[in-house]
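Structure record follows, encoded as structure tokens.
Everything numeric here is computed off the predicted structure, so don't read it as measured data. Protein chains get the first letters and strands the later ones, always in sequence-line order, with residue 1 at the start of each.
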Amino acid sequence: MPFIPHTEQEIDEMLEAIGIKHTDELFEEIPSHLKVSGLDGIPPGMTEMEISRLMQKRAAQNREAVCFIGAGAYEHHIPAAVWQLTTRGEYYTAYTPYQAEASQGTLQLTYEYQSMITALTDMDVSNASLYDGASALAEAVLMAVRGNRKSKSRRILLPRTVHPAYRKTADTIVSGQNIELVEVDYDRASGTLQLDALKQAAGDDITAVVIQQPSFFGTLEDVDAITDWAHENNALVISITNPLSIAVLKPPGQWGGKGADIACGDGQPLGAPLSCGGPYYGFLCCSQALVRQMPGRIVGRTTDVDGKEGFVLTLQAREQHIRRSRATSNICTNQGLVVTASTIHMAILGPRGLENTAAACHANTRELVAQLSAIDGVRPAFSSPVFHESALLLDKPVNEVLQALAEQNILGGYDLSSDYPELGNAMLVCATELRTEEEIMAYRTALQAVLAVETRHKEIA
Amino acid sequence: MPFIPHTEQEIDEMLEAIGIKHTDELFEEIPSHLKVSGLDGIPPGMTEMEISRLMQKRAAQNREAVCFIGAGAYEHHIPAAVWQLTTRGEYYTAYTPYQAEASQGTLQLTYEYQSMITALTDMDVSNASLYDGASALAEAVLMAVRGNRKSKSRRILLPRTVHPAYRKTADTIVSGQNIELVEVDYDRASGTLQLDALKQAAGDDITAVVIQQPSFFGTLEDVDAITDWAHENNALVISITNPLSIAVLKPPGQWGGKGADIACGDGQPLGAPLSCGGPYYGFLCCSQALVRQMPGRIVGRTTDVDGKEGFVLTLQAREQHIRRSRATSNICTNQGLVVTASTIHMAILGPRGLENTAAACHANTRELVAQLSAIDGVRPAFSSPVFHESALLLDKPVNEVLQALAEQNILGGYDLSSDYPELGNAMLVCATELRTEEEIMAYRTALQAVLAVETRHKEIA
Amino acid sequence: MLIHEHSRPGRKGAPQAPTSKADLSDIPQNLLRKDSAALPEVSELQAVRHYTRLSKKNFSIDTHFYPLGSCTMKYNPRACNSLAMLPGFLSLHPLTPDQHSQGFLACMHELQAMLCEAMGMAAFSLAPMAGAQGEFAGIKMISAYHQANNDDDRREILVPDAAHGTNPATATMCGYSVREIPTLENGDVDFEALQQAVGPHTAGLMLTNPSTLGVFERQIEKIAAIVHDAGGLLYYDGANLNAILGKIRPGDMGFDVIHTNLHKTFSTPHGGGGPGSGAVGVAERLKPFLPLPIVAEGNGSYRCLSEQDAPQSIGRLSAFLGNAGVLLRAYIYMRLLGKSGMERVAEFATLNANYMMAEAKRRGFQLAIPDRRASHEFIITMKREASELHVTAMDFAKRLLDLGYHAPTTYFPLLVPECLLIEPTESEAKEALDGFMDALEQIREEAKTSPELVTTAPHTLPVKRLDEVSAARNLDLRWKAEATA
Amino acid sequence: MLIHEHSRPGRKGAPQAPTSKADLSDIPQNLLRKDSAALPEVSELQAVRHYTRLSKKNFSIDTHFYPLGSCTMKYNPRACNSLAMLPGFLSLHPLTPDQHSQGFLACMHELQAMLCEAMGMAAFSLAPMAGAQGEFAGIKMISAYHQANNDDDRREILVPDAAHGTNPATATMCGYSVREIPTLENGDVDFEALQQAVGPHTAGLMLTNPSTLGVFERQIEKIAAIVHDAGGLLYYDGANLNAILGKIRPGDMGFDVIHTNLHKTFSTPHGGGGPGSGAVGVAERLKPFLPLPIVAEGNGSYRCLSEQDAPQSIGRLSAFLGNAGVLLRAYIYMRLLGKSGMERVAEFATLNANYMMAEAKRRGFQLAIPDRRASHEFIITMKREASELHVTAMDFAKRLLDLGYHAPTTYFPLLVPECLLIEPTESEAKEALDGFMDALEQIREEAKTSPELVTTAPHTLPVKRLDEVSAARNLDLRWKAEATA
Ligand SMILES: Cc1ncc(COP(=O)(O)O)c(C=O)c1O
Ligand SMILES: Cc1ncc(COP(=O)(O)O)c(C=O)c1O
């Protein structure tokens with residue numbers, strides 16, 4: 001049997017020690033009519049050689065393509081050391097560090113992670129991770145509702161410049177708790193949130209305002225003004241940021257006069273491969289004042305009986321295994337291993353490495369936008385400055401264009417038309433530091449051809 | 001600078017400690033006219049991202065093909081655990097275990113390797129590895145010359161059924177030492193070595209006889225009779241075996257009445273990927289009587305001052321760093337990491353796993369030979385039983401046929417015609433456990449087509 | 001030593017990023033960062049050495065027997081890791097058009113089907129990213145179901161007091177109030193109490209069977225009947241399926257919805273705290289409510305269902321498809337096991353647990369529930385040792401670390417005083433089990449002859465017993481430059 | 001505990017091989033194995049756990065500062081490992097037709113060219129599989145050269161007494177007799193002795209420059225002149241090029257042939273004993289003799305030269321192309337460094353060594369050659385400590401292990417009594433160097449106050465000092481079933 005080491009002789013010895021004749025007797029308390037006769041729908045077992053062959057085939061069926069999609073997940077270079085270290089058995093096959101003395105590796109590393117992500121966001125406190133950026137937003141909202149004692153409304157202003165999937169996820173998760181997520185529209189010309197729109201949506205009691213920077217469109221919001229306005233109105237500010245971008249953009253902790261109160265986002269750009277969508281991790285930081293509202297695990301530094309430095313899970317009284325139905329969240333297992341990778345990734349790149357990478361992404365995207373906008377029938381959707389990602393308008397239906405590009409193994413961007421029908425034929429494009437000049441030029445050539453062909457088709461038809 | 005951690009400040013501090021102003025002064029003893037002005041022929045440095053892209057491109061340029069070549073290197077399934085463990089930094093980046101107490105990992109593992117490879121070969125002693133199978137043969141020859149006190153001739157009978165590259169390598173390495181390698185021809189019908197031929201070549205003093213089992217042709221030699229004959233004539237017996245094959249074939253230690261005296265071969269089939277030809281490793285085992293003639297490192301079990309079991313490099317007095325010009329060999333660095341992989345590979349497969357793999361290889365090759373021989377214009381070259389590999393005769397020039405197959409991404413076999421022109425259009429084929437029925441049938445179909453097309457071409461011409 | 005303490009201003013030494021910084025002058029000055037983030041500046045070697053050394057301070061399955069109850073620390077095959085990390089999977093963007101990701105989607109579709117078969121459910125969604133999120137999705141579906149039936153008065157979720165803390169926490173997150181049901185001495189749910197609690201306010205019952213006490217709930221059919229009769233639904237907390245896989249299926253016991261922890265039963269690694277996967281399965285009537293995305297097949301190709309396809313869905317739980325890499329690992333594991341392998345998981349997991357329990361009894365340890373069969377885990381209580389020798393279950397746990405064994409789960413379930421919840425899993429050999437029991441016996445001996453040794457353990461680890469109280473009181477949650485200056 | 005001691009007859013538990021044994025009845029019974037080989041029978045988990053735990057008993061660069069002189073233990077970039085193990089390289093059969101392996105051959109061709117440039121040689125062959133085999137190839141080429149010139153009386157190779165043991169051993173393997181040349185106090189070759197030794201019997205001189213004493217041979221041009229004038233050739237033992245890379249090239253110094261240890265200077269990992277690569281380079285006149293295969297380029301495609309192309313070649317040194325995977329790692333490393341990176345290797349390696357030497361002097365340690373510049377390494381002698389405190393260089397070495405530092409090379413070169421040959425390499429940060437010097441000082445203090453502590457070290461490793469004498473006397477070289485029964 002795969003992964004079962006028992007020899008016949010050992011099975012006999014064990015049965016004898018238990019005082020039974022057959023393993024069936026171990027299940028005698030289960031009503032026999034409930035027992036399953038066999039898992040007939042499961043295919044026969046494979047050897048490792050066979051499954052390797054199968055998975056190689058399956059992996060190859062995922063057609064390789066040059067990726068210009070961002071929209072919340074970004075293809076970056078990850079130093080080889082990162083996952084070679086992360087998959088060491090001691091990290092890979094450990095459980096949550098419940099026995100602190102036997103888990104100092106994971107615990108110290110998590111403390112280092114908390115130090116790094118708070119340095120990046122310039123916030124006071126971080127937890128040890130949540131599932132992903134979208135669910136982190138949901139937890140941030142719940143946290144704001146618990147934490148904003150001045151507000152009774154449980155109203156959260158949620159701009160449409162926030163990632164649509166984040167908004168949907170937040171809605172799924174918080175909707176049972178009598179919380180109102182108020183959509184705020186964006187300015188069609190700039191592609192950003194306007195203070196006026198916020199004010200209109202506000203009502204007289206708002207619990208929190210969410211700001212994504214760069215916005216889902218890649219545009220840059222006026223974070224200082226919005227933050228100050230929110231604080232003046234006794235609302236908390238929840239930031240969503242791409243953590244790589246804040247190596248060069250103003251970090252949430254420095255927004256406005258007082259900084260954001262809660263900072264969240266997806267850690268994927270810091271060391272997690274695209275990997276079909278996960279595992280990534282959600283980061284969640286907050287100001288000191290909100291620390292006891294924080295969901296999820298937190299690692300603290302302490303000392304042992306000899307005064308030697310060591311690390312433990314702390315503030316556990318917030319968590320479900322102690323506070324049960326009154327816990328800050330139900331989260332238990334988080335995304336520890338991805339945080340491990342991310343911590344190593346940040347350590348290897350260092351501040352300069354992250355800055356240079358972020359700047360290179362921006363420069364590549366700028367070049368991409370310039371090249372594509374030079375094509376007839378392509379123009380930028382918005383007038384605002386953008387970072388690392390940008391919306392373009394085509395004069396043809398985006399899904400058809402993307403389909404045609406995909407056939408040439410170019411993933412040309414993300415189709416905005418179902419989430420933002422008001423924009424018309426809009427798509428979101430992104431070129432990370434991995435995209436080369438040749439790839440960008442090849443995209444331009446391909447898009448040019450696709451748009452031309454489309455036109456001709458139409459002319460003929 | 002890549003991999004240089006020095007900050008400007010540290011450099012200054014260090015220069016000051018040394019008492020100099022500039023690093024140039026460190027090289028002041030070198031005549032200045034000899035100093036190089038710059039390595040202009042070296043291209044500029046690349047980032048890890050850039051070299052990754054380049055190497056992925058290069059790797060992809062090695063066209064993937066279904067491999068039916070053996071001829072001394074075999075494509076086997078290697079459990080994923082093997083190289084994930086082997087590349088752990090503690091194994092991967094350690095030096096030779098000169099400080100035993102800080103190298104018990106490598107030392108114990110090597111002792112386990114010695115235990116496993118002697119169990120497989122059924123020999124008394126193994127060293128810690130040599131470079132590869134071919135150079136191991138050369139060392140075996142030198143060892144036999146040193147070890148056979150009864151023989152003065154320094155004559156080694158080296159049958160043509162031994163791998164041609166092994167024979168060439170042995171020749172390169174031992175030729176400076178006044179040793180005569182005597183070629184012995186094989187029987188054209190059976191493809192094996194005949195006692196008569198040996199006797200003819202023998203003369204009245206032979207130092208050793210080399211036997212490869214299975215032979216380079218895949219044929220099975222009469223190892224018992226040859227071994228006994230050699231021993232009767234005061235010659236030592238040097239075996240070359242594929243170590244996987246002896247999971248099911250009679251191991252050298254059991255050949256004839258007394259067993260082979262020296263057993264060597266290439267460890268590649270036990271956990272080393274094909275990897276463009278290396279690194280593999282040469283194994284070398286011998287009888288107890290020859291232990292002090294053994295070249296290379298050997299690990300022994302001993303105890304520490306508390307009586308606790310531990311492992312050390314032993315019998316070092318044989319080696320070059322002590323005995324210098326009178327050492328048993330000049331070998332110093334060996335193939336330790338590949339031995340690490342191989343040891344883990346053997347541990348995971350276990351005796352049954354190796355037997356089943358060896359048997360599967362043989363069964364696949366048998367099936368391959370049956371399928372190909374069913375084609376008009378293809379027939380087995382020899383009448384002897386074979387194991388795991390077999391020579392076929394075509395009625396067309398082999399290199400043209402292989403070329404045509406290669407264009408369909410089938411590596412059809414190894415062309416025997418340059419090493420064995422007397423055989424005509426002969427090629428060596430092999431199907432390891434990795435080859436599937438479909439691949440074998442695809443080969444058959446392709447070969448059939450190639451031979452047919454060739455025929456047609458000729459008819460037209 | 002923290003990585004930050006290896007840092008020196010200006011240190012680099014790694015060819016890991018573009019060597020210079022591209023121009024950012026098109027971005028308004030006031031939106032740019034002024035200072036550099038206070039991240040460590042170390043060489044690649046320093047990072048590699050630091051994190052290699054740090055890893056050595058962890059216990060893990062790859063290094064230790066790790067019988068942590070309710071956590072199912074079984075072997076994580078290395079092939080699952082390397083195959084899930086093939087470039088064809090790693091480089092796949094989650095928004096890649098379906099026709100470009102058929103290989104991945106095929107695996108996911110088959111995984112859904114295998115989970116349905118193994119659990120006896122009608123359909124599965126792989127969206128939840130851990131057990132707790134699976135619970136959330138499950139309870140949310142119960143809520144959506146009642147809502148769809150305009151059955152709006154069901155405000156209560158029943159949870160046995162032995163349940164894992166995530167159960168009540170989840171119910172709260174879904175807006176329910178939680179009513180606890182007591183457990184009997186023999187480990188069964190207090191049926192009478194349950195009967196009294198069930199009623200028109202009951203939205204559902206969350207149950208783990210076998211319970212966290214490590215025994216099978218024998219009245220499961222009666223329980224299912226009264227909950228269903230009252231119009232409630234049955235939720236199965238399938239975090240630990242090792243006790244039943246191949247023997248009995250939640251669907252056949254009458255459960256309407258289940259979450260499974262693929263990171264336990266299906267052997268995806270726990271990674272020092274995650275990631276996991278909490279795939280949810282449902283009976284026919286809950287199908288429309290499953291979270292998105294779900295992989296569907298049609299005309300030989302696969303695609304992800306969206307909101308348009310499933311208007312009643314509770315919606316999304318993450319930005320993309322959950323923890324895809326974890327799902328791939330579980331898929332590979334299940335294919336390696338295959339039918340006969342999967343049928344034998346519970347058999348050997350249970351054999352190991354019952355053997356250890358028999359050994360514990362023979363060696364004179366006190367069992368929490370002595371007269372029942374153990375499931376995949378069982379409980380020793382150190383009540384006697386704590387009162388007679390003043391050596392607690394925690395002391396035993398810490399001393400076990402010294403002897404090279406990870407401690408079992410301590411003080412859970414909360415019902416049993418001074419408890420050790422021991423779960424060996426099927427992948428451990430008899431020697432490991434015997435070695436662990438020997439160690440427990442040795443510690444009991446030490447507790448008699450030199451209790452100090454036990455109460456101050458561990459002695460051989462990188463740190464001695466850590467002060468958790470001061471950690472919570474004097475919060476030190478991140479490195480600050482000043483702190484070390 | 002040996003892996004064999006985890007074995008139980010009949011244990012499997014790994015899906016690693018075909019589950020049943022195919023028929024072998026076509027093979028004569030007398031050629032088949034009767035018994036099964038006595039290999040361990042363990043589960044995959046047991047193997048993984050055993051070898052993971054075993055690895056933790058090693059020091060390595062990834063875990064420790066490892067200043068082993070003459071071994072150049074620099075950082076081995078992880079990218080070199082993963083990129084050399086891309087499937088497109090790993091699955092390439094060595095007998096694949098050239099047109100199917102152009103990607104690999106391109107790397108090899110460029111590697112040859114970069115080595116030529118860095119060493120100042122006319123051509124390189126990548127065939128030798130370690131330094132010693134590179135030496136063999138080099139001396140063999142010298143021999144072939146003289147033979148081609150019918151210069152048959154040259155039966156002697158000159159080797160300084162400071163040379164690495166492989167040099168004289170190699171000369172012997174090539175059929176030469178070895179004549180040793182003494183070294184002066186200041187580390188230079190005794191030029192007069194050399195002058196006397198050189199003559200018509202001289203086939204060549206093997207030299208390391210800087211020598212194993214860590215100093216640059218200042219008279220190199222005069223030495224080259226007299227050897228060449230006598231008709232001999234100059235061999236450069238390039239095992240350790242860290243002292244010169246980017247500063248001076250062996251070709252420019254007058255050497256005719258060189259081997260390079262890619263597993264030192266070019267950072268391929270040493271793997272606990274190998275594999276390495278000993279690529280050999282030659283000046284124009286030795287080109288025809290280079291070992292095979294060599295990668296040639298023509299019409300934009302690459303191919304391996306064979307015996308037909310190079311009839312004067314000394315031949316092959318292995319069955320295929322040497323340690324290809326090692327060569328790929330070196331290639332990647334060199335491309336990462338590039339021109340400016342490579343030009344700075346010697347600079348920083350030398351800076352580190354001289355800094356440590358200055359520190360050693362400042363802290364009152366005795367230097368073997370106090371008044372010269374160190375190369376990439378330098379020597380401390382513990383002569384005084386040995387005689388005054390009865391604490392030897394070996395004791396220092398063992399105690400260093402306790403303090404978390406791998407020991408330097410001890411008792412080599414043989415000329416310097418009680419020596420520690422210290423080589424920090426360029427990839428180590430100043431803190432590591434300072435930490436090491438602090439440790440040395442601490443040990444000297446301990447040697448005065450508690451010498452026992454030092455002479456019985458190590459104390460904190462898996463084993464204490466091991467009995468090498470009994471190991472050699474009572475040979476125990478493999479596990480036997482009886483031994484443990
Ligand atoms: C019984 C039980 N339920 C639920 C959970 C929660 O699962 P997760 O940690 O994956 O969120 C656990 C895990 O510890 C558990 O043991
Ligand atoms: C100076 C010198 N020459 C030659 C060698 C031999 O190299 P290898 O061990 O690769 O055979 C070494 C390596 O230890 C060395 O230091």
Donor-acceptor under 3.5 Å (H6(C) side chain, H50(C) main chain): no

Toward chain D, the part of H64(C) with a non-hydrogen atom under 4.5 Å: both

Top contributor to chain D interface from R49(C), E428(C), R78(C) [non-hydrogen pairs under 4.5 Å]: R49(C)

Pair D402(C), T460(C): side-chain N/O donor-acceptor within cut-off below 3.5 Å: yes

Short side-chain donor-acceptor distance under 3.5 Å, N242(C) and E426(C): yes

Residue among T52(C), L337(C), D62(C), V48(C) with most heavy-atom pairs under 4.5 Å to chain D: D62(C)

Salt-bridge present (R11(D), E431(C); N to O < 4.0 Å): yes

Side-chain H-bond candidate by donor/acceptor type, Y405(D) with D438(D), under 3.5 Å: no

Portion of F65(C) that has a non-hydrogen atom of chain D nearer than 4.5 angstrom: both

Best-contacting candidate, P15(C), A429(C), P87(C), A432(C), against chain D by heavy atom pairs under 4.5 angstrom: A429(C)

Residue part contacting chain D, namely of I61(C), when any heavy atom lies under 4.5 Å: both

